[in-house]
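Below is one structure, written out as structure tokens; the observations come after it.
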Amino acid sequence: MANKKKVIVTGFEPFGEHTVNSSWVAVQELQRLGLGEAVDLHVCEVPVEYEAVQNLLPSLWKQQQPQLVVHVGVSGLATTVTLEQCGHNHGYKRPDNCSFCPVSQCCMEKGPDCINSVLDMDMICKTVNGSGLGVALSVSKDAGRYLCDYTYYTSLYLGQGRSAFVHVPPLGKPYSSQDLGRALQVIVREMLEQLDHAEEEHKHHSHCHHQQQHQHQHAH
């Protein structure tokens, strides 16, 4: 199928007390489940390093030309699967796995303070929570000012908002890797549907606008 949708989903490597990072385990489970025939799914493990993120993400967006990039990270504080609505540019004071911290403490020197995803996370949360999945979702506007937030902001900046971030709890608190994989499958499908819908609306409006212009020209 030439018109397959390309989706990249990333998880993170272990860091700190997270000797097994549930985000990467969940992403591998999603890869096993797949997103159906119409979606070309690529997965990748992201190092917990600011400089590695700065090197990796531009090549992911440029070479792969994905329709959507979803980053998944672990949060020791999370008890639900949490959809992050936005990424932040400033406040990166916590050292990474290489004990490095950006001197500027920001992602993009002249970028906006905050970038929102084009996706409506409240809508996705509501739909998935009503689907009988058995995994609870919530929405947040603070991805934590560490590698998760840093990665998300960078991706939103590079992809003009066509990115998403999902925080998952550590394994067994309360969900298994299978639960998290199933949740990601439903979430990413819902995100793609929302993007498709937005694209259709855009085409429809452009078409109507073009027709109106055409009629307007003929009226003179």
Side-chain angles (χ1 to χ4, degrees), residues 6-31 40-78 82-119 121 140-171 180 184 188 191:
K6 187 172 280 188
V7 177
I8 298 171
V9 183
T10 74
F12 284 96
E13 69 179 5
F15 70 98
E17 76 273 21
H18 300 286
T19 48
V20 172
N21 194 320
S22 60
S23 69
W24 179 234
V25 175
V27 170
Q28 287 175 300
E29 185 63 25
L30 170 66
Q31 185 182 29
D40 184 10
L41 171 65
H42 292 253
V43 305
C44 135
E45 187 180 25
V46 178
V48 179
E49 297 166 28
Y50 295 106
E51 287 186 328
V53 168
Q54 282 291 7
N55 293 331
L56 174 70
L57 290 187
S59 64
L60 276 188
W61 278 101
K62 207 169 183 174
Q63 287 167 16
Q64 304 278 0
Q65 302 274 307
Q67 189 173 8
L68 173 68
V69 176
V70 181
H71 302 289
V72 186
V74 63
S75 166
L77 304 172
T82 310
L83 308 178
E84 300 290 348
Q85 185 61 61
C86 53
H88 301 89
N89 196 10
H90 300 280
Y92 296 95
K93 300 171 186 173
R94 191 173 155 200
D96 64 15
N97 270 0
C98 292
S99 304
F100 173 81
C101 186
V103 179
S104 63
Q105 296 183 358
C106 81
C107 298
M108 301 282 171
E109 287 290 348
K110 288 179 181 156
D113 276 350
C114 178
I115 303 178
N116 274 290
S117 173
V118 296
L119 293 156
M121 299 303 178
S140 153
K141 289 188 168 69
D142 182 4
R145 300 303 199 289
Y146 191 42
L147 262 297
C148 291
D149 214 343
Y150 190 85
T151 300
Y152 193 21
Y153 182 92
T154 307
S155 212
L156 287 165
Y157 186 89
L158 294 168
Q160 282 87 47
R162 281 178 303 111
S163 184
F165 198 99
V166 182
H167 262 125
V168 295
L171 290 177
L180 295 176
L184 287 180
V188 176
M191 287 173 174

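From a predicted model like this one, the values you see are computed outputs, not experimental measurements. Quick note: residue numbers are just sequence positions, from 1.
Around OH of Y157, the count of heavy atoms belonging to other residues, nucleotides or ligands within 6.0 Å does not exceed 12.
Taking C114 as the reference, C86, H88 meet the side-chain contact (heavy atoms from CB on, under 4.5 Å) condition, with sequence neighbours excluded. Listed by chain and number, the residues in a side-chain contact (heavy atoms from CB on, under 4.5 Å) with H42 are K6, I8, D40, Q64 (sequence neighbours excluded). Here T10 pairs with H71 under the side chain to side chain donor-acceptor pair (under 3.5 Å) rule; sequence neighbours left out. In this view, N116 satisfies the side chain to side chain donor-acceptor pair (under 3.5 Å) rule with no residue, not counting sequence neighbours. In this view, E49 satisfies the salt bridge (Lys or Arg N to Asp or Glu O under 4.0 Å) rule with no residue, not counting sequence neighbours. For Q105, the side chain to side chain donor-acceptor pair (under 3.5 Å) criterion is met by no residue, not counting sequence neighbours. Applying the ring-ring contact (aromatic ring centres under 6.0 Å, His included) criterion to H18, with sequence neighbours excluded, gives F15. S23 pairs by the side chain to side chain donor-acceptor pair (under 3.5 Å) definition with N21, not counting sequence neighbours. Residues forming a side-chain contact (heavy atoms from CB on, under 4.5 Å) with V43 (at least two apart in sequence, or on another chain): W24, V27, Q31, L41.
Expressed to the nearest 0.5 Å, how far CE of M121 lies from OG of S140 amounts to 10.5 Å. A distance of 9.5 Å separates CD in Q160 from CD1 in I115, rounded to the nearest 0.5 Å. With rounding to the nearest 0.5 angstrom, the OG1 atom of T82 is 13.0 Å from the NZ atom of K141.
Listed by first and then second residue, the salt bridge (charged side-chain N to carboxylate O under 4.0 Å, His left out) pairs involving residues 142-161 are D142-R145, R145-D149 (not counting sequence neighbours).
With a 4.5 Å cut-off on side-chain heavy atoms, V74 and P170 count as touching. F165 places none of its side-chain heavy atoms less than 4.5 Å from the side chain of L156. A heavy-atom distance below 4.5 Å is found between the side chains of E45 and P14. With a 4.5 Å cut-off on side-chain heavy atoms, Y152 and S117 count as touching.
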Run L30 and V72 through side-chain contact (heavy atoms from CB on, under 4.5 Å) and show every step you take. CA-CA 11 Å; L30 170 66; V72 186; over 6 Å; no

Run the side-chain contact (heavy atoms from CB on, under 4.5 Å) test on V69 and R162 for me, step by step, so that the C-alpha distance in whole Å, both residues' side-chain angles and the decisive distance to 0.1 Å come before the verdict. CA-CA 7 Å; V69 176; R162 281 178 303 111; over 6 Å; no

Does D96 form a side-chain contact (heavy atoms from CB on, under 4.5 Å) with L147? I'd like the steps, not just the answer. CA-CA 8 Å; D96 64 15; L147 262 297; 3.8 Å; yes

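Using a distance-only test at 3.5 Å, with no hydrogens or angles considered, no donor-acceptor pair links the side chain of N89 to the main chain of Y153. Within the 3.5 Å criterion, the main-chain N or O of A164 finds no donor-acceptor partner in the side chain of Q85.
Closest non-hydrogen pair, L180 versus A26, comes out as CB-CB, 3.7 Å.
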Using atom types as modelled, flag every donor-acceptor pair under 3.5 Å from a side chain in residues 50-62 to any protein atom, sequence neighbours excluded.
residue	atom	partner	partner atom	Å
Y50	OH	R94	O	2.6
Q54	NE2	C107	O	3.2
Q54	NE2	Y150	OH	3.0
N55	ND2	E51	O	3.2
S59	OG	L56	O	2.7
W61	NE1	S155	OG	2.9

